[in-house]
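First comes the structure, then the notes that go with it.
Below, read A as the first sequence line, B as the second, and so on, with proteins coming before strands; counting in each chain starts at 1.
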Amino acid sequence: MLDRKLIVDQADRVKQNCTHRGVKCDIDRLVQLETARRQKLHEVEELNRKANEMAKSIGQTKDPAEREARKEQGRQLRDQKDAAQAEHDRLEQEVHALELTVPNLTHPAAPIGGEKDSKEIRRGTTAIRKFDFPPLDHVALGEKLGLFDLEAGARTTGHGFYFLKNDGVLLDLALQRYAVEVLMLEGFSLTTTPDLARNEILEGIGFNPRGPETQVYSVENSDLSLVGTAEITLGGMFSGQTLDDGKLPIKIAGISHCFRTEAGAHGQATRGIYRVHQFTKVEMFAYTLPEASDAMHEQLLVIECKIFDGLGIPYRVIDTASGDLGGPAYRKFDLEAWMPGRGKEGEFGEITSTSNCADYQSRRLGIRFKKKGEKGTHFVHTLNGTAVANTRALIAILENYQEADGSVLVPEALRGWVGKDRIASNSTC
RNA sequence: GGAGAGGUGGCUGAGUGGUCGAAAGCGCCGGUUUGCUAAACCGGUGAAGACUUAACCGUCUUCCGCAGGUUCGAAUCCUGUCCUCUCCGCCA
């Protein structure tokens with residue numbers, strides 16, 4: 001959510017930003033409604049003031065007839081106020097509905113345009129490997145090695161669900177442990193988070209919990225939804241709070257399950273465990289002072305790179321173009337890992353992403369900070385980044401570390417936690 | 001799941017229909033005093049929004065978990081809801 005004053009005062013800038021983002025928003029109408037709303041608000045305040053004055057005078061009036069007369073006047077003032085208030089609230093609702101559709105502003109350095117305008121800005125330290133045998137994709141590898149079972153997932157729950165099995169489980173746990181280790185050393189506090197959250201928190205983060213295009217599962221007869229990412233709960237942790245500036249930045253890592261309906265995503269690269277309805281993720285989240293969010297964003301990106309350099313996975317970093325940013329992000333970097341089994345001769349596939357949402361989420365969630373010795377409060381900046389999304393990381397490891405005999409080497413960084421150097425066919429069920 | 005109790009400013013805590021955005025204490029900030037520190041004393045000290053101003057100041061509205069209701073008037077009465085605590089039951 002953007003500052004309304006900013007929308008009104010800089011309508012042209014906001015409009016142009018909407019164009020860059022490829023989002024249709026009726027900014028003119030929003031400005032017009034907001035102006036009307038503010039006028040109504042004055043009316044309400046004025047009537048309130050008069051009614052308060054009247055009410056006060058009644059307390060000091062002794063004469064019974066005079067009291068009755070004033071009571072009647074007071075009643076009338078309140079009625080007028082209620083009418084004005086109702087009109088104001090109606091306008092407020094409309095403004096709010098429009099406001100929710102306005103995307104965040106865009107970082108001046110972010111490329112403008114659609115997906116193909118996104119820029120590659122760096123590469124990982126691991127070179128793309130040349131295979132002297134035809135590499136398999138993760139589905140074939142996983143089946144051969146008994147690491148996951150897609151059919152059983154479909155039988156029990158539906159398409160897009162899976163069982164991890166055997167060494168697949170060990171790899172999953174090792175990835176989490178590895179990511180947690182890195183984040184701990186980077187000064188993050190550790191959490192495991194609720195897998196459900198209130199819908200108002202979802203909305204604050206920028207998810208739409210309802211409607212046909214919703215990305216999340218909601219729980220019937222409640223105002224809860226399954227989270228699509230721990231970003232939701234980690235951002236909700238301090239909703240409505242005012243933080244001391246001395247406490248910032250706050251860096252929190254959260255492990256959660258992620259549930260996504262992937263509505264409208266059918267037909268795309270859905271093979272295997274690339275696009276699933278549930279996976280486990282270690283997420284980074286940061287609250288910063290406004291002037292510190294750019295640097296924090298870079299820091300989150302560097303950590304993501306460190307994690308995948310450490311795993312020995314080749315990747316590139318993408319500075320996402322304006323049209324591809326999604327609503328809340330001010331700027332977004334994606335890590336795309338090289339996946340040798342993807343497409344004909346291998347392709348890059350997204351494995352992590354990190355966004356600077358500036359004050360877009362904190363404004364909706366009411367997360368402020370107070371500077372010592374200064375009056376008033378300001379909104380914090382929020383940032384998020386994936387440390388490890390387990391299914392995608394699993395794909396990258398299997399496909400990049402496969403051997404001619406169909407076995408898979410365990411990345412050195414994970415060996416201590418997996419407990420072996422190589423995964424060979426050893427399935428038991 | 002059952003039975004109770006409670007949610008007030010940074011904290012503790014008073015406040016059961018008007019003069020309450022709210023006593024008092026603590027904390028914090030500023031000052032006086034003072035080898036230094038401490039103590040003592042004096043003053044100040046919530047937030048959001050709007051109007052006004054070059055800015056400071058000032059004025060108004062709203063906020064006592066949240067949302068409604070009663071009333072001329074609500075922190076105070078009523079309803080719902082969320083949360084916390086205690087006891088009982090159940091349970092990983």
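Within 3.5 Å, a donor on the side chain of A:R67 pairs with an acceptor on the base of B:G18, or the reverse.
Within the shown strands, nothing qualifies as a pairing partner of B:G89 under the Watson-Crick or G-U definition with both distances less than 3.5 Å. In this structure B:G30 sits in a base pair with B:C42, meeting the Watson-Crick or G-U test at under 3.5 Å. B:U16 is unpaired under the Watson-Crick or G-U wobble criterion, no partner having all donor-acceptor distances under 3.5 Å. If you check B:U84 for Watson-Crick or wobble pairing at under 3.5 angstrom, you find it paired to B:A5. Applying the Watson-Crick and G-U wobble criteria (two distances, each under 3.5 Å), B:G49 pairs with B:C60. In this structure, B:U76 makes no Watson-Crick or G-U wobble pair, since no nucleotide meets both defining distances under 3.5 angstrom. Summarising the base pairing, B:A54 is matched to no nucleotide, lacking a Watson-Crick or G-U wobble pair whose two defining distances lie under 3.5 Å. Summarising the base pairing, B:U37 is matched to no nucleotide, lacking a Watson-Crick or G-U wobble pair whose two defining distances lie under 3.5 Å.
In plain terms, the two heavy atoms of A:G349 and A:R342 that are nearest each other are CA-NE, 4.0 Å.
Contact annotation for A:K370: backbone-only contact, meaning every heavy-atom pair under 4.0 Å involves sugar-phosphate atoms and none involves a base. Within the 4.0 angstrom heavy-atom criterion, only backbone atoms of the sugar-phosphate kind lie near A:T377; the bases stay farther away. Here A:R49 lies in heavy-atom contact (under 4.0 Å) with sugar-phosphate atoms only. Looking at heavy-atom distances under 4.0 Å, A:R37 makes no contact with the nucleic acid at all. Counting any heavy atom pair closer than 4.0 Å across all strands shown, A:K40 reaches no nucleic acid atom.
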Hey, mind stepping through A:Y274 and A:H138 against ring-ring contact (aromatic ring centres under 6.0 Å, His included) and telling me if it holds? CA-CA 9 Å; A:Y274 187 79; A:H138 74 277; 7.8 Å; no
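When distances run from any side-chain atom of A:R38 to the nucleotides B:G49, B:G73, B:C51, the shortest one goes to B:C51. Among the nucleotides B:A47, B:C51, B:C72, the one closest to the side chain of A:I58 is B:C72. Nearest nucleotide to the side chain of A:N48, out of B:A50, B:U61, B:G46: B:U61. Nearest nucleotide to the side chain of A:E45, out of B:A47, B:U61, B:C82: B:U61. Considering only side-chain atoms of A:A55, the nucleotide from B:U61, B:G73, B:A48 that sits closest is B:G73.
B:U71 and B:G17: their C1' atoms are spaced 9 Å apart (whole Å). For the P atoms, the distance linking B:C57 with B:U45 amounts to 12 Å, nearest Å.
Put simply, CG on A:N52 is 11 Å from P on B:U19, counting in whole angstrom units. Atom CG in A:L365 sits roughly 17 Å away from atom P in B:A48 (whole-Å rounding). Whole-Å rounding puts the A:E92 CD to B:G49 C1' distance at 11 Å.
Between A:R78 and B:U71, a side-chain N or O to OP1/OP2 separation shorter than 4.0 Å is absent.
The aromatic rings of A:Y178 and A:W417 are tilted relative to each other, their planes meeting at an angle between 30° and 60°.
The backbone N or O of A:E350 lies less than 3.5 Å from no partner atom in the side chain of A:D334, so there is not a single donor-acceptor pair. With hydrogens and angles ignored, the 3.5 Å screen pairs no side-chain donor or acceptor of A:D12 with any backbone N or O of A:K15.
A:H107 and A:D294 are linked by a side-chain donor-acceptor pair at a separation below 3.5 angstrom, with hydrogens and angles left out of the test.
Nearest-nucleotide mapping onto RNA chain B: of A:G376 and A:E72, the residue sitting toward the 5' end is A:G376. Mapped onto RNA chain B by nearest heavy atom, A:D89 and A:K5 fall at different nucleotides, with A:K5 at the one closer to the 5' end.
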